Engineer: 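Take this structure first; my questions come after.
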Amino acid sequence: MKHYDVIIIGGGAAGFFAAINCAEQNPKLNICILEKNKEGLQKVKISGGGRCNVTHAEFMPQELVNNYPRGAKELLGPFHQFMTGDTIEWFDKRGVALKIEEDGRMFPVTDSSQTIIDCFLNEAKKLQIDVLYSQNVQDIEILEAQEVFQIKTKDTNFQCEKLLVATGSSMKFWKLISQLGHTIVQPVPSLFTFNINDKRIKNIPGVVAQDVEVNILKTDLSSQGPLLITHWGMSAPAILKLSAFGAVELAKMDYKFQIEINFIKQDFESCLDHLKAIKHDFGKKLVYKLPQFELPKRLWQQLVLASGMTQDTRWADVNKQELDSLTEQLTQAVFDVNGKSTFKDEFVTAGGIDLKEVNFKTFESKRVPNLYFAGEVLNIDAITGGFNFQNAWTGAFIAAKTIAKKSPL
Ligand SMILES: Cc1cc2nc3c(=O)[nH]c(=O)nc-3n(C[C@H](O)[C@H](O)[C@H](O)COP(=O)(O)OP(=O)(O)OC[C@H]3O[C@@H](n4cnc5c(N)ncnc54)[C@H](O)[C@@H]3O)c2cc1C
């Protein structure tokens with residue numbers, strides 16, 4: 001039997017961040033991380049395409065929460081305690097400088113996730129945190145008389161007074177937590193791309209429309225932003241946001257639905273007026289070769305063909321039906337979505353521990369005293385851009401601070 005003051009289950013982003021902060025704030029605590037794999041921080045390693053998108057340059061809590069389809073309300077208070085600026089300062093103090101990219105994503109200046117991993121491993125060592133690998137936690141028991149948790153892995157029993165669960169998205173572990181009296185919101189995937197088999201986009205993978213509006217028909221789901229045509233369908237923020245905010249609804253539809261895209265973010269009438277003016281002014285030119293609305297040429301050409309025109313149609317010869325049809329393709333093009341694909345840069349799971357059962361001032365369970373949660377194990381997830389890690393850092397920091405304060409110094 002091994003005894004610790006604090007045990008953290010899960011050696012991922014939230015687990016390491018919590019352990020380090022707890023040890024710093026209360027150096028007397030005997031802290032251990034139990035990690036089931038032979039190495040920890042595996043998701044950090046592959047995150048952001050190997051660069052680790054650590055956080056996002058959004059510094060207003062009220063704005064930051066808008067990026068969380070699940071958890072927005074609950075994270076508002078915590079973000080007032082620890083958010084982006086604190087994350088930047090935290091890493092900076094430990095020699096890890098972060099940089100901001102044009103779209104607001106923040107990465108280590110080294111562009112390598114290994115920098116974050118090295119930082120965590122060095123800090124954990126310096127603070128004498130026991131990081132025990134190949135320790136797959138299989139059972140947790142609350143020994144009420146002794147006021148301790150008993151944790152079992154395959155070959156070792158552990159006991160601790162304070163327990164922090166940071167196991168990420170793990171069905172097995174959610175089951176275990178439900179046995180402790182917590183409700184688990186059924187997990188479904190979030191952050192995925194849409195599979196679309198459509199002539200209009202078949203031969204133009206790699207094309208990006210800079211700012212489109214996408215609506216999912218028969219739902220209230222809509223989003224705006226860049227859209228990328230891929231080999232399988234569509235991706236980029238306009239799509240990924242819908243996949244996150246619609247994670248539950250789209251799962252119920254079995255990922256079969258229709259989207260309507262306004263490629264130019266103009267209404268039908270103003271688009272039609274513009275096209276009529278072009279027809280009037282450039283009658284001799286070929287429609288196919290004169291893209292409008294700053295649309296990528298190849299996308300424009302596909303939409304022209306889809307409107308019933310050929311590569312040789314001149315503006316002067318475009319009839320009313322073709323003009324209406326092109327306007328429709330530009331402002332309300334409908335596509336059938338049939339299935340989803342994994343977004344390779346970042347994916348998360350919606351679902352997890354019911355947020356009603358957690359005190360967000362401390363990240364402590366409302367059901368079991370001295371039990372804490374941080375990271376993706378909670379029913380919190382975000383759109384892509386560094387927000388998922390920010391959730392891990394914030395929850396881990398607050399839980400660690402609470403544990404450090406509650407334990408004797
Ligand atoms: C490919 C990919 C790229 C990503 N890129 C980004 C990004 O750039 N920016 C961003 O903000 N988010 C990104 N994310 C999301 C981000 O990685 C997660 O939100 C984050 O890792 C959650 O941290 P966590 O500590 O809660 O869980 P995890 O990092 O998943 O850590 C959980 C740990 O618990 C361990 N564990 C599970 N069960 C047990 C058990 N029974 N016993 C012991 N240990 C156990 C696991 O092995 C794991 O090490 C990405 C995700 C993926 C999959």
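Note that the structure is a prediction, hence the values are computed from the model and not measured. Start at 1 and go down the list; that is how both ligands and their atoms are numbered.
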Engineer: Stepwise, does the salt bridge (Lys or Arg N to Asp or Glu O under 4.0 Å) test hold for Glu123 with Lys126?
Structural biologist: CA-CA 5 Å; Glu123 292 294 319; Lys126 210 162 69 188; 3.3 Å; yes
Engineer: With a cut-off of 4.0 Å, which atoms of ligand 1 are near a heavy atom of Leu34?
Structural biologist: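 Result: 43 (C), 44 (N).
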Engineer: Are Phe17 and Trp90 an aromatic pair, judged by ring center distance below 6.0 Å?
Structural biologist: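 Yes, ring centres under 6.0 Å apart.
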Engineer: Does this structure show an ion pair linking Asp5 with Lys162, if we count only N-O contacts that are shorter than 4.0 Å?
Structural biologist: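 A salt bridge is absent here (no side-chain N lies under 4.0 Å from a carboxylate O).
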Engineer: Going by the atom numbers of ligand 1, which of them fall below 4.0 Å from some non-hydrogen atom of Asn37?
Structural biologist: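 Per the distance check, 47 (O).
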Engineer: Does Ser178 have any side-chain hydrogen bond (donor to acceptor under 3.5 Å, both in side chains) partners at least two apart in sequence or in another chain, and if so, which?
Structural biologist: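 Testing Ser178 for side-chain hydrogen bond (donor to acceptor under 3.5 Å, both in side chains), a comparison that skips the adjacent residues, returns none.
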Engineer: Where the closest heavy atom to atom 23 (O) of ligand 1 is concerned, which of Gly15, Ala13, Gly11 has it?
Structural biologist: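 Among Gly15, Ala13, Gly11, the closest heavy atom to atom 23 (O) of ligand 1 belongs to Ala13.
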Engineer: Can you sort out which atoms of ligand 1 are near Ser47, meaning under 4.0 Å from one of its heavy atoms?
Structural biologist: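 Contacts of ligand 1 toward Ser47, numbered from 1: 3 (C), 4 (C), 5 (N), 6 (C), 7 (C), 8 (O).
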Engineer: Checking contacts here: is it the side chain or the backbone of Ala166 that comes within 4.0 Å of ligand 1, counting heavy atoms only? Could be both or neither.
Structural biologist: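 It is the backbone that gets close, since no side chain atom is under 4.0 Å.
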Engineer: Which one of Phe347, Trp174, Phe343 has a non-hydrogen atom at the shortest distance from atom 51 (C) of ligand 1?
Structural biologist: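 The residue whose heavy atom sits nearest atom 51 (C) of ligand 1 is Phe347.
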Engineer: Does Gln42 come within less than 4.0 angstrom of ligand 1, counting non-hydrogen atoms of the residue?
Structural biologist: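 Judged by the 4.0 Å heavy-atom criterion, Gln42 does not count as contacting ligand 1.
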Engineer: Do NZ/NE/NH1/NH2 and the carboxylate oxygens of Lys43 and Glu376 come within less than 4.0 Å?
Structural biologist: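 Glu376 and Lys43: salt-bridged.
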Engineer: Using a 4.0 Å heavy-atom threshold (strictly under), name the region of Val348 that reaches ligand 1: side chain, backbone, both or neither.
Structural biologist: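 The answer is the side chain.
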Engineer: Which atoms of ligand 1 are found less than 4.0 Å from any heavy atom of Phe387?
Structural biologist: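 Listed by number with element: 11 (O).
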Engineer: Would you please indicate if the ring centroids of Tyr255 and Phe192 are separated by under 6.0 Å?
Structural biologist: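 Yes: the rings meet the under 6.0 Å criterion.
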Engineer: Gly375 heavy atoms, cut-off 4.0 Å: which ligand 1 atoms fall inside?
Structural biologist: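 So the atoms of ligand 1 that pass are 26 (O).
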Engineer: Between Lys366 and Glu357 (salt bridge meaning N to carboxylate O under 4.0 Å), is one present in this structure?
Structural biologist: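 Result for this pair is no, no salt bridge flagged.
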Engineer: Within this structure, what is the NZ-CD distance for the pair Lys172 and Gln138, rounded to the nearest 0.5 Å?
Structural biologist: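 Answer rounded to 0.5 Å: 8.0 Å.
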Engineer: Verify whether one side chain among Asp273 and Ser270 offers a donor that lies under 3.5 Å from an acceptor in the other.
Structural biologist: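 Per modelled atom types, Asp273 and Ser270 side chains form no pair under 3.5 Å.
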Engineer: In terms of atom number and element, which parts of ligand 1 are under 4.0 angstrom from non-hydrogen atoms of Lys43?
Structural biologist: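 The atoms of ligand 1 under 4.0 Å from a heavy atom of Lys43 are 17 (O), 21 (O), 29 (O), 30 (O).
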Engineer: Hey, which atoms in ligand 1 end up nearer than 4.0 Å to a heavy atom of Val137?
Structural biologist: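 Those atoms are 40 (C), 41 (N), 42 (N), 43 (C).
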Engineer: Which heavy atom of the protein is the closest neighbour of atom 34 (O) of ligand 1, given with residue, atom name and distance?
Structural biologist: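 Minimum-distance protein heavy atom for atom 34 (O) of ligand 1 reads Gly10 CA, 3.2 Å.
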Engineer: Do ligand 1 and Ser169 have nitrogen or oxygen atoms that lie under 3.5 Å from each other?
Structural biologist: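 Looking only at distances, the answer is no, because the N/O contact criterion of under 3.5 Å is not met.
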Engineer: Can you label the angle between the Tyr68 ring and the Phe387 ring as parallel, tilted or perpendicular, going by 30° and 60°?
Structural biologist: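 Because their plane-to-plane angle is over 60°, the rings of Tyr68 and Phe387 count as perpendicular.
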Engineer: Start with the C-alpha distance between Glu364 and Asn359, add both sets of side-chain angles, then the distance that settles side-chain hydrogen bond (donor to acceptor under 3.5 Å, both in side chains), and finish with yes or no.
Structural biologist: CA-CA 5 Å; Glu364 187 175 6; Asn359 175 352; 5.8 Å; no
Engineer: Does any N or O of ligand 1 fall below 3.5 Å from an N or O anywhere on Phe389, backbone included?
Structural biologist: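 N/O-N/O distance below 3.5 Å exists for this pair.
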Engineer: Does Gln135 approach ligand 1 within less than 4.0 angstrom via side chain, backbone, both or neither, non-hydrogen atoms only?
Structural biologist: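 For Gln135, only backbone atoms sit under 4.0 Å from ligand 1.
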Engineer: Please list all pairs meeting side chain to side chain donor-acceptor pair (under 3.5 Å) that have one or both residues in residues 46-64, counting only residues at least two apart or in different chains.
Structural biologist: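 For residues 46-64: Arg51-Glu101, Arg51-Asp111, Thr55-Gln390.
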Engineer: Does any N/O atom on Gly48 come nearer than 3.5 Å to any N/O atom on ligand 1?
Structural biologist: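 Such a contact does occur with ligand 1.
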Engineer: Ring centroid separation for Phe79 and Phe82, is it under 6.0 angstrom?
Structural biologist: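 No; Phe82 has its ring centre 6.0 Å or more from that of Phe79.
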Engineer: Salt-bridge test for Arg94 and Glu89: reply yes if a basic N is under 4.0 Å from a carboxylate O, no otherwise.
Structural biologist: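 No.
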Engineer: Test of understanding: given a 4.0 Å heavy-atom threshold, classify the contact between Thr167 and ligand 1 as side chain, backbone, both, or neither.
Structural biologist: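 For Thr167, backbone and side-chain atoms both sit under 4.0 Å from ligand 1.
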Engineer: Need the ligand 1 atom indices (1-based, order shown) with element for anything under 4.0 Å from a heavy-atom of Asn136.
Structural biologist: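 Near Asn136, meaning under 4.0 Å from one of its heavy atoms, ligand 1 has 40 (C), 41 (N), 42 (N).
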Engineer: Does any N/O atom on Lys36 come nearer than 3.5 Å to any N/O atom on ligand 1?
Structural biologist: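 N/O-N/O distance below 3.5 Å exists for this pair.
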Engineer: Does at least one non-hydrogen atom of Gly386 fall below 4.0 angstrom from an atom of ligand 1?
Structural biologist: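 True for this residue.
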Engineer: Looking only at distances, can you tell me whether any N or O atom of Ala14, backbone or side chain, sits closer than 3.5 Å to an N or O atom of ligand 1?
Structural biologist: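 There is such a contact, yes.
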Engineer: Which residue supplies the protein heavy atom nearest to atom 48 (C) of ligand 1, what is that atom called, and how far is it?
Structural biologist: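 In this structure, atom 48 (C) of ligand 1 has Glu35 OE1, 3.5 Å as its nearest protein heavy atom.
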Engineer: Is Phe173 touching ligand 1 with its side chain, its backbone, both, or neither, if touching means heavy atoms under 4.0 Å apart?
Structural biologist: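 Just the side chain.
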